[in-house]
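Since the structure comes first, as structure tokens, the remarks are kept for the end.
Bear in mind the structure is a predicted one, so any value in this text is a computation, not a measurement. Start at 1 and go down the list; that is how both ligands and their atoms are numbered.
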Amino acid sequence: MNLLSLIRRKFVPVLEGYAVEPGPLLDLIRPAQDARHGDFQANFAMSLAKQLGRNPRELAEQISAELDLSEICEAPEVAGPGFINLRLRTGFLQELIQGIAGDDRLGVTPVSHPRHVVVDFSSPNVAKPMHVGHLRSTVIGDAICRTLRFAGHRVTSDNHIGDWGTQFGMIIYGYQNFRDEQLWEADPVTELARLYRLVSQLSEYHAAQAGLIPLEQAAAAAAARCDALSAEAETAEGDSSAKLKKQLSAARKESAAAQAALTGALEKLAVVDADPELSALAAGHPTIARLAREETAKLHAGDAENLRLWEQFLPRCLEALQRVYERLDISFDLTLGESFYNPQLAAVVEGLAERGLAVSSDGAMCVFPEEGKAPFIVRKTDGAYTYATTDLATVQYRHQELQADEVLYVVDKRQAEHFQQLFTTTALWGIDGLGLRHVSFGTVMGENGKPYKTRSGDTVGLESLLDEAVSRARRIVDENDDRREQPALTPEERGRIAEIVGLGGIKYADLHHNRDSDYVFDWDKMLATTGDTATYMQYAYARVCGIFRRLGLRREDLDFKGTAVLLESPEERKLALQLLSFGYAVESVLQEYRPHLLTAWLFSTAEAFSQFFDRCSVQNAESDELRNSRLVLCDLMARAIRTGLSLLGIEVTDTM
Ligand code: ARG
């Protein structure tokens, strides 16, 4: 049951009487911002009046009179220029709450037309440092899968891991040339990460050296242009002065960028030059980048030795990833990495060429999805297939084999152009009836204003990040319990709770930001016990459980069917409305796949509960009837938090 849809539906026949398309007008019927204006507000009269050339207030009055809402609402009131304010009848609200008493789903029924949605998320590149960005994709993608399933859709989660990319050539080269036998024996995954970093460091060293002169020239030229422009600007007047100032500010930006590129290159050189061991390695491997690329090409061409190494590396890397997923309680229906699509790539390019979509350009095969824009390279000059080719094969597979209706790519927003090109190419290719969407997200920033990095920057770093969250949560749990007159928790319980609080904190901190925005990783905010955090929600849950415990009641034994619900006070009414809007919150999350709309709902619900709890005593309620009614609300509140958090992949605990 979705209260808002119910109300909107009541407007349809009335609006049809005005011969207008109701859809966009119905969107303007919303929950009221201010309880004094009622519970819902219809704000479309102004725009409809314009369409019809009428007076908005009169129109609103007329529509109100035509509405048949008497079972649901008090008589509608028209306010201001033509707002229609609706207040639910208390009796109706009470019935609704009675109807969902004890229901974990809070009355939300599965959709009538389920879609099959493939969610491509997490998708780290194995053997390469897994960064917090992948954690973001993992957490957001999992929340989306859970919410879709809750709503009744069919979901196939697919971890499209990068297990076939250029990093393998790099670690193969590293393994053959720089492997430390002892480290390899002790911890292969850490050793592979070290080898990857070493090979990329040496490759970048040579690239920086080769690019130094052009970089210096570019920086000098940009600086000279700034000087020239600023001299000109000093004497210029009026319009031309304004124009020059604009040019100067653009030139300064360019100059700063050129300078930063130069500084970056110099830093890379300095690190290696200062270290005799690294310098010797750099000198001994001057063409390392090319050689590593050749190893990748050999692997892709089926070279036996490189395939053997790949088969040796891959399972170990996957195990390390699996540890992180298990810890986070995240699982995938499919883990079809890039390598899975390798056999299809040649046919993809041929197919595109046959249709005249892929054309040869400087020896490479390219699609030009949009005129004048960057090409989508599907086969490089050296014959290698690309990320683009794999993604095209993947779309085809998801369309033909998985029969998906929709594919979501939960990937960093820096890949927006890639997905734009992929989607356009797919359409040109003739795959239709498949909705493709890039569910993009921003960067996790450190307090220094730069992208956040775990200390070692790899999967191991990610695990220690999770450990740190749990150990910080442990401190909070300990302090809290030690403050009690009689500590209530055993060390095991404290450990279990710390795990729930710590990991929940990390997930929630990520999810409660609009996914498009960058956010700063901040331990203290993340685990704060008040404010919009998982900890606050988890406390609220435990607090409700505590109410029942203190009354000597076991929630799981209570049967609320037939219990009358009374919603006389504004706080009870507000909480009830909030609980009834869960379905609306779930729908809004799925509109554009924005889990923060669910955390926002949880937070408002927790606030509504806290006001209710301050004003409306359960234990000392004026009558048994009222006490029981309030218990129904408390129990629903507990279910709301548990279900809401579960859609975000976050657990709760009865005591904290
Ligand atoms: N492995 C890629 C990366 O780490 C992300 C893959 C996303 N999925 C896709 N189908 N392209 O950047």
Parallel, tilted or perpendicular for W164 and W310, by the 30°/60° rule? perpendicular
Output, in order, the C-alpha distance, side-chain angles, deciding distance and verdict of salt bridge (Lys or Arg N to Asp or Glu O under 4.0 Å) for R290 and E294. CA-CA 6 Å; R290 183 168 55 77; E294 283 171 12; 3.0 Å; yes
Can you list, pair by pair, the side-chain donor-acceptor contacts under 3.5 Å of residues 354-375, counting residues two or more places apart and other chains?
| from | atom 1 | to | atom 2 | distance (Å) |
| --- | --- | --- | --- | --- |
| R355 | NH1 | W429 | O | 3.4 |
| E370 | OE1 | K373 | NZ | 3.3 |

For F121, what residues pass the ring-ring contact (aromatic ring centres under 6.0 Å, His included) criterion, not counting sequence neighbours? F332
Tell me, please, which residues at least two apart from H285 pass side chain to side chain donor-acceptor pair (under 3.5 Å). Y173
Neighbouring residues of ligand 1, heavy-atom cut-off under 4.0 Å: D120, S123, N125, H134, H160, Y387, D391, Y409, V411, Q415, F419
Is the closest basic N to carboxylate O distance between R136 and D412 below 4.0 Å? no
